Structure formats: C-alpha cells, structure tokens
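Some notes on the structure that comes next.
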Amino acid sequence: MEQERVPVLVVGAGYAGLSAAALLAWRDVPVMLVERHPGTSVQPKAFGVGPRALELLRPVPGIEEELTGVWAGIGENMRIAIARDLADPEPHMIMSDEKEELAFMRELTPVAMVGAPQSEIERLLRVKAEELGADLRFSTELISLEQDDDGVTALIRSRDGDRLVRADYVIAADGWRSPLRESLGVPTTGKGTLGQMCSIMFDADLSGLVNEREVTLWYLQNDVFTGVIVTGTGVGAHVLGVNLAEGESAADFTTERCVDLVRLAVARPELGVRVLDKATFDIGHVLARTYRAGRVFLAGDAAHTMPPTGGQGGSTALQDGCDLAWRLWLVLTEQAGEEFLDTYDAERRPAGTLTADAQLANLGVRMPPAARVGYPEPLEDPVGLLLGLRYHSTAILDEPGDDGSILEDPRVPDGRPGSRAPHVELDWDGQRISTVDLFGSGFVLMAATPAGQGWVEAGRLVKERLGVRLTRLLVDDELMDVHGRFQERYGVGGGGAVLVRPDGYVAWRSKDAVADPVNTLEQALRRILSR
C-alpha cells in the first residue's frame, strides 16, 4: 500500500484543525489535514472570534483584514438578551451596545472584536491554509492509527482508496465525540451530554423586530420551548435553535413545525417563513483528562466540549490550533526538546476547563430548565476570560511568590511570567504599532534604554549558541514608547529585560540588570525549551 510522509497530520477541519494547518503552513511546516465531510460547515454555528484568538491568527498575512471585512459586511453592533420572544417589551439585556460596552478593550489589545459566523471563518481559514501550502483532503476519513517511538502510522480512506500516512505528530481535532480520543483511551470528565438542540436556518422578513446592520442574539424562554435566536448572521439567513424536550428527536422537527416555532420566536403568527436547513446537535460539557496521548494531541471539541452560552467555544478551539502550531514548529526545527510538548497539556487544559465551566455556568442562567445542581457559578468578571488567562508550565519561569493564579485582570497588567504580554503602543519609524505586532514568528527579547543594550548583545550571543529564532528589541531606541507605558506594564526597570514567546506570553523576565546577562538568558531559554 502506498505510504506518504508528513511531519504533522491533522484530523478534522473545524476551528482547531484549520487554524493549526494554517499556522503550521505559515511556519513552513508541511502539514496534511483529513476531513471526512466534503467541505466546511454551511451552518453559521458559533459566532464571532474573540480578541485572543485574533491576536494569534493576525501574524498570518491577510487573515485579520479578511475577518474584519466579513464583520463589516454583516453589521456594526451586537445585542444579547434573555427574553420571551423578539417582541418581548422588557428583555433582560446582557449586551445592548457592543461598541460602547467593549470600548475599553482598545486599551488592552490592537485587535477588534470580530462578529462572523463559523461557516465564513472556516471558509477563510481553509482558503488561507491552502494558499500557504497545507495539504487539505476532504471526503477523507481516518480509519486507524498506530504509534511507535519514532512516529505515527495512520490509515486514511478516500474515494481513491486506502493509503498510509507516516507522521511525526497528529492533531486530533475530530469533534467532541472524537473517535481518535476514544481509540486512544483518553478518559473524560464533566457533565456529559446536557441535551440536544435543533438548529433551524430560515429566511423571513424581520423588519421592525431587529435593527438594520445589527446582530441579535437572544436566549428565548417561553411556555413552549427554550432556545436561542440569532439574526443578521451574514449568511443570508437567520437561525433559531430549539432545545429538544425529553422524548423528542430530530424527526419531530418537521418543516411545518419549524415554521410554527419561528413564528412563535418572533411573535408574528402570520409571518412568511422559508426553512433553508435543519441540523440537530448535542449540547455537552466533556473535558479530556489529558490533551496529550503519546504523539497525538487533542484540540478543540475533542479536548473540551462546552455549551455555546458565552460564545467562547470557537475561540478556544482556534487558540488550541494556533498554540499547537508554534510548539510543534519549535520541536520539529529542533529549537526545543521533545519534552517541551508536554507544556501544551499543562497550559491549555486548565484554560479549556475554566472556559468550559464558565460556559456551563452561563447555561444555567440563560437557558433554563438546565439542572443547575453542581453547576459552577458565573464568573464575576468575564473580561479575564477574554485576555487574562495565565499559564504555568516548564515553559514559564514563574517568579518567587507567584500566586499560581490562572486568571488576572487584563486592565491592570504587570507583565509577570505566565501572563499575556501587555499591549503597549509603539512608534517604529513613524508607524504606530503594538507590542502585540512583534510576536508570532519567534521569541522576542525586549529591554529599555539606556541599560538594555547589554541584554540585546546577550540575546545575539544566545541566539547563535542555541540556534533559536530570537528577535532583540530596544524600547525607546528603534521603538519609541508613545505613552511611556512599557516599563510599567512589563514590570522592568531601565536595566531589566523580558522574554516573550511566539504566542505572546511572557516566559521570563529580569526586573533589573544582572552581572552576567549572557549566562542568565541562556540558562532561562534552555529551561523554557527543555534543552
């Protein structure tokens, strides 16, 4: 049987799989993706890309511009509420003016909130991955997989027949029921299946009920059903999601009943409704106990299935894919040791669990009659979930006295290791950029003048010794600190330095000057890279 060779095999073309393929290809790592379906999703499904996911995607040329272009074509605002129906005179507003309520985010990140349906985001990621050279194979299914000390052998099946693929590593992004996870025997925790929802795509004239150029996402609670309605999704249709009652099945949702449910949801009994598509899916809370099984890494729903209440499931999956791409790149190019890959589980699993639990808590509040017994309480400040997640692993050199927290308030950043590197506005030869623009292609060492020159020279020597991609930058030299915030937000004095990873997380810092910066930096990088 014919056998192909590739460094990374990705299974699944959802958010996690496509982002991993695109970011691997951007880093010149050959990658093959197999997906059993003939194409990406046609249902809008998840809506929006969170700021952290967009920060990770934006180094790839064109992605941010195209995603913001999709949002520009859809609307200018988003409202979220809990209500009886679209005509409810007193809805409980969760968000009434996205631009106003999230205006403070401009102080925290250079990226904008992007509202776009999953179908459009997947389409863009697919195009970008293929443009960058990723080998994407649809209508192709993974049949079996075997691991050994040197790699993985996978049997895949397409219309052209069976073939073998030999890979160094595999990314299992094959959904929340994940046949790969099951075959590997990875145990799971969580609440399991919480229910089912029928997603009804429909076309109807909702004039007078929804505002023009505005996405409306309302959680519906009435005497007939509970669910959610999303209007203005940008796919030429609206979507009504209805929670299945006990004993109901997909067969109960005939076209006629779907029309009746839409009319009830919008409180217009005579409304003309055209049903375009129907799909039934499970709502679940399932958490893998480990994100790594040998040379296979779980990502997206295969790692953490969460209810849709809160809108962070898709962004979390995107982050998984981006995160795996830079870690695998470091190991495959021998910049990092094999043990470095253990940091994926150590960092992303607590983040995935926290996010899934937060969405579960939202479910109990927004979509009764969910049984809230044993549910976590909603987060007091959800902004921390957007930009304040912290990591702890061998790839982060925590400072003495670190509290080990996995959430912080991103509005008061201090640049400590394990936190997302703060946004600081800089001027580079007359062009305004953010520190966030500096991250993505490798490690970045930053120091402030005048005492920072020693760190820059140390970075040059360490880069040569270790063969690591490392950019050295002096703030207030070639980069001007526009508002004088760098030293405060990164917690370094005039003689200190900070090392930021490709994912924009602070890996190490020295608050002050040291006697031997070369040895200090080299030992720090060796520990971080498991070398």
Side-chain angles (χ1 to χ4, degrees), residues 7-8 10 13-33 40 48-74 106 109-136 171 173 234 299 314-315 317-330 332-333 335 420-421 423-444 469-471 473 478-479 500-505:
V8 182
V10 179
Y15 273 173
L18 288 169
S19 59
L23 270 292
L24 283 165
W26 176 66
R27 291 189 168 92
D28 296 322
V29 176
V31 55
M32 178 191 297
L33 180 150
T40 53
V49 180
R52 180 63 194 141
L54 192 54
E55 285 183 352
L56 291 168
L57 289 168
R58 76 194 307 248
V60 180
I63 281 188
E64 183 180 13
E65 292 79 6
E66 292 180 37
L67 286 172
T68 54
V70 171
W71 179 222
I74 294 173
R106 289 193 292 269
T109 178
V111 306
M113 296 291 284
V114 170
Q118 182 169 342
S119 54
E120 280 297 293
I121 297 170
E122 286 185 356
R123 181 188 64 79
L124 288 175
L125 286 173
R126 174 182 181 175
V127 170
K128 188 61 63 175
E130 290 176 332
E131 287 177 352
L132 292 166
D135 181 6
L136 307 188
I171 297 176
S315 290
L318 288 168
Q319 292 177 57
D320 288 345
C322 295
D323 192 278
L324 275 169
W326 74 268
R327 293 179 200 271
L328 289 169
W329 165 69
L330 284 178
L332 288 166
T333 54
Q335 297 180 71
R420 167 185 162 272
H423 159 60
V424 172
E425 190 174 2
L426 304 170
D427 185 296
W428 196 340
D429 289 334
Q431 180 181 1
R432 293 293 177 94
I433 67 168
S434 165
T435 44
V436 175
D437 295 313
L438 306 173
F439 314 136
S441 60
F443 284 86
V444 176
R469 186 175 293 183
L470 175 65
T471 300
L473 297 170
E478 66 262 54
L479 293 171
V500 181
R501 309 187 313 188
D503 63 341
Y505 264 71

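Residue numbers start at 1 and run along the sequence shown. Keep in mind that what you see is a predicted model, and the values were worked out from it rather than measured.
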Heavy atoms of other groups near Q431 CD, more than 12 under 6.0 Å:
no

What pairs with R501 under salt bridge (charged side-chain N to carboxylate O under 4.0 Å, His left out), at least two apart in sequence or on another chain?
E347, D503

Any side-chain donor-acceptor pair under 3.5 Å between T109 and H423?
no

Quick one: does Q335's side chain have a donor or acceptor within less than 3.5 Å of a partner on R469's backbone?
yes

Distance col, row L438:CG vs L426:CG, nearest 0.5 angstrom, shows 6.0 Å

Interatomic spacing from CD1 in I63 to CH2 in W26 - rounded to 0.5 Å
10.0 Å

Could you grab the distance from atom CG of L479 to atom OG1 of T435, nearest 0.5 Å is fine?
10.0 Å

I need the minimum non-hydrogen distance between A21 and L136, along with the two atoms involved.
CB-CD2, 4.2 Å

Pairs meeting criterion salt bridge (charged side-chain N to carboxylate O under 4.0 Å, His left out) with involvement of residues 430-444, two or more places apart
R58-D437, E425-R432, D427-R432

Is a side-chain donor or acceptor of K128 paired with a backbone partner of L18 at a separation under 3.5 angstrom?
no

Could you tell me the separation between the CH2 atom of W329 and the CG atom of L23, rounded to the nearest 0.5 Å?
11.5 Å

Distance from T68 atom OG1 to L54 atom CG, nearest 0.5 Å?
8.0 Å

Only counting residues at least two apart or in another chain, list the ones meeting side-chain contact (heavy atoms from CB on, under 4.5 Å) with A20.
I171

Ignoring hydrogens, what is the shortest heavy-atom contact between F439 and G504? Give both atom names and the distance.
CD1-CA, 3.8 Å

Roughly how far, to the nearest 0.5 Å, is the CH2 atom of W428 from the CG atom of L473?
5.5 Å

Would you call R126 and E122 a salt bridge, taking side-chain N to carboxylate O under 4.0 Å as the test?
no

